[in-house]
Visitor: 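Here's a structure for you.
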Protein chains: 2
Amino acid sequence: MGSAERKERDKQEMREMILTAAKNLFIREGFEHVTIRRIAEVIEYSPATVYLYFTDKDAILCALQELGFRELYKRQQVLSVIKDPAERLRACGKIYMEFAMENQEWYDLMFIMRAPMKAFDTPEDWNLGRDTYEVLRSIIVECIDQGYLKARDPQIACFALWSLMHGVVSIFIRDRAPMIPKEHRNHVIDGILDFTMAELLEK
Amino acid sequence: MGSAERKERDKQEMREMILTAAKNLFIREGFEHVTIRRIAEVIEYSPATVYLYFTDKDAILCALQELGFRELYKRQQVLSVIKDPAERLRACGKIYMEFAMENQEWYDLMFIMRAPMKAFDTPEDWNLGRDTYEVLRSIIVECIDQGYLKARDPQIACFALWSLMHGVVSIFIRDRAPMIPKEHRNHVIDGILDFTMAELLEK
DNA sequence: TAATAAAATAAACACTGTTTAGTATATGGG
DNA sequence: CCCATATACTAAACAGTGTTTATTTTATTA
């Protein structure tokens, strides 16, 4: 009697329901309104019920994080049509920082906040981050192969470039750039990209 | 009758007392243990009393932040003995990242956390950050003047370098570098410095 | 000394995330 | 069909948080 399968299906549906509620609260009202009680309210169950489907709030935030990464992946897909690796490298940076500035709370959840990382047993389990990193790494390796970049250590070059991009957007997102007016931010991002490409690539 | 002056002195002493308690809790037990109730406990007053001397918790965290900046300033002082601006630029980066890795919670409070910034009416009031930025900016200007650096826009070069350093340490501090084992971090930081100096400076 | 002004606090408020113990509901066997 | 069992759900509490209010204690001044 395949009622066990239906049970499993129902359980998955409920998990989906909770996640959708959390996602909508996140999108419509922002991170700080994503509370267990508000989620419970939306799905019309008691707060305690949420804990029958997720071990804790961090697990929910972790699942939300995944949605953010899916959006970033989607945006990164256009990179494959760019043949020149140097051009692709620039576009990669542009896409990354554009995503961050247009989806600041998602980016925060993905790359800054502590909470969602606590859902992993060990930081090594964070494959979403590693996959994003791999996109950049493969481009850089190609840049080196084609002689655009003479970096001795691709690992260092890759981490440096990611750090640069993350640094820029996280300084903006957490309001640590009083010397740069808000309306100049996009211009600065382009300036940083120009600067980096000019300094980095072989002339 | 100069009792008004004594009143003011007493008030300042109490503020100092609260701040010292907060600082010690921060150092000895970490950020998450810095709560109004714990502070009140330490100074042997009621939690409500704290609010007679600080408008809210963010104001206390903001004052704590200042202590962090003072330590960073102190470390930056050794830069003045380095005559060569290129060498000074490297040392500046090294000091910054070393401070961050050795005082991760202080760095977090200074450059990552939202809370202490809420104490400012506007982000422009964050002079502590601007001052630190100025140290780097003056070095870069000197590097350009002496022909070490051919950056068109010093503002962009400066923000890029700060972003790079902040990016590196904040990725580590917020556990977003699963691809780099903890024991390799210091080596990576040196690698990033080498890489940056090599790519940036005129050969 | 009594009236006034200042300082300190007890207790509550409005929230968190989370757990426990008890209640409904659905399932499967006789 | 009924009843025991297992599952699903929840009310209420727990242990925290930052913060405010109304009250009491303390100090000052006339």
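Protein chains get the first letters and strands the later ones, always in sequence-line order, with residue 1 at the start of each.
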Visitor: Rounding to an integer number of Å, can you tell me how far B:Glu41 CD sits from C:dT9 C1'?
Guide: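 It is 16 Å, rounded to the nearest whole Å.
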Visitor: In this structure, how many angstroms lie between the P atom of C:dT16 and the CD atom of A:Glu32, rounded?
Guide: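 Going from A:Glu32 (CD) to C:dT16 (P), I get 10 Å.
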Visitor: Whether the side chain of A:Glu142 engages the backbone of A:Pro85 through a donor-acceptor N/O pair (distance < 3.5 Å, no angle test) should be reported.
Guide: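 Answer holds: no.
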Visitor: For a side-chain contact (heavy atoms from CB on, under 4.5 Å) check, start with the C-alpha distance between B:Val168 and B:Met165, then their side-chain angles and the critical distance, and finish with the verdict.
Guide: CA-CA 5 Å; B:Val168 171; B:Met165 296 187 298; 5.9 Å; no
Visitor: Identify, with sequence neighbours excluded, every residue that meets ring-ring contact (aromatic ring centres under 6.0 Å, His included) alongside A:Phe99.
Guide: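 Listed in chain order: nothing, the list is empty.
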Visitor: Rounding to 10 degrees, work out the angle separating the end axes of the helix from C:dT1-D:dA30 to C:dG30-D:dC1 (five pairs an end).
Guide: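 About 30° separates the two local helix axes.
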Visitor: Check the distance between C:dC15's C1' and A:His33's NE2 and give it to me in whole angstrom.
Guide: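 It is 12 Å, rounded to the nearest whole Å.
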Visitor: If you check the A:Lys57 side chain, which of D:dT20, C:dG17, D:dG18 turns out closest?
Guide: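 Shortest atom-to-atom distance from the side chain points to C:dG17.
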Visitor: If the cut-off is 4.0 Å, is A:Thr35 near the phosphate of C:dT16, judged by side-chain N/O to OP1 or OP2?
Guide: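 A:Thr35 to C:dT16 OP1/OP2: side-chain N or O found under 4.0 Å.
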Visitor: B:Tyr45 has an atom OH; how far is it from atom P of C:dA8, in whole Å?
Guide: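 Result: 5 Å.
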Visitor: So which atom in A:Met197 and which in A:Ala86 form the shortest heavy-atom distance, rounded to 0.1 Å?
Guide: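 So the two residues come closest at CE-O, 3.1 Å.
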Visitor: Salt bridge (Lys or Arg N to Asp or Glu O under 4.0 Å), that's the test. Do A:Asp108 and B:Arg114 meet it? Break it down for me.
Guide: CA-CA 11 Å; A:Asp108 207 316; B:Arg114 281 244 154 76; 3.3 Å; yes
Visitor: Output, in order, the C-alpha distance, side-chain angles, deciding distance and verdict of salt bridge (Lys or Arg N to Asp or Glu O under 4.0 Å) for B:Glu71 and B:Lys74.
Guide: CA-CA 5 Å; B:Glu71 170 63 21; B:Lys74 206 196 289 171; 3.6 Å; yes
Visitor: What is the separation between atom CE on B:Met14 and atom C1' on C:dA6, rounded to the nearest whole Å?
Guide: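 For the pair B:Met14 CE and C:dA6 C1', the rounded distance is 13 Å.
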Visitor: Give every residue pair that meets the salt bridge (charged side-chain N to carboxylate O under 4.0 Å, His left out) criterion with at least one member in residues 17-41 of chain B, sequence neighbours excluded.
Guide: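 As it turns out, the salt bridge (charged side-chain N to carboxylate O under 4.0 Å, His left out) pairs with a partner in residues 17-41 of chain B, which skip direct neighbours, are B:Glu29-B:Arg38, B:Arg38-B:Glu41.
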Visitor: Could you work out which one of D:dT20, D:dG18, C:dA8 sits closest to the side chain of B:Arg37?
Guide: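 Of the candidates, D:dG18 comes closest.
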Visitor: Using a heavy-atom distance cut-off of less than 4.0 Å, which residues of residues 49-56 of chain A contact DNA chain C?
Guide: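 Result for residues 49-56 of chain A: A:Tyr51, A:Asp56, sorted by number.
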Visitor: B:Ile36 CD1 to D:dT19 P: how many Å, rounded?
Guide: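 Computing the B:Ile36:CD1 to D:dT19:P distance gives 6 Å.
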Visitor: Whole Å only: how far is the NZ atom of A:Lys118 from the P atom of C:dG17?
Guide: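 Checked: the NZ to P distance equals 12 Å.
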Visitor: Anything under 3.5 Å between a donor and an acceptor, one on a side chain of residues 50-59 of chain A, the other on a protein residue two or more places apart or in another chain? List them.
Guide:
unit_1  : atom_1 : unit_2  : atom_2 : d
A:Asp56 : OD1    : A:Asp58 : N      : 3.3
A:Asp56 : OD1    : A:Ala59 : N      : 3.1
A:Lys57 : NZ     : A:Val34 : O      : 2.9

Visitor: Output the rounded distance in Å from CD1 (A:Ile18) to C1' (D:dC9).
Guide: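 So the CD1-C1' distance, A:Ile18 to D:dC9, works out to 12 Å.
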Visitor: Does B:Lys118 have any side-chain hydrogen bond (donor to acceptor under 3.5 Å, both in side chains) partners at least two apart in sequence or in another chain, and if so, which?
Guide: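 B:Lys118 satisfies side-chain hydrogen bond (donor to acceptor under 3.5 Å, both in side chains) with no residue once adjacent residues are dropped.
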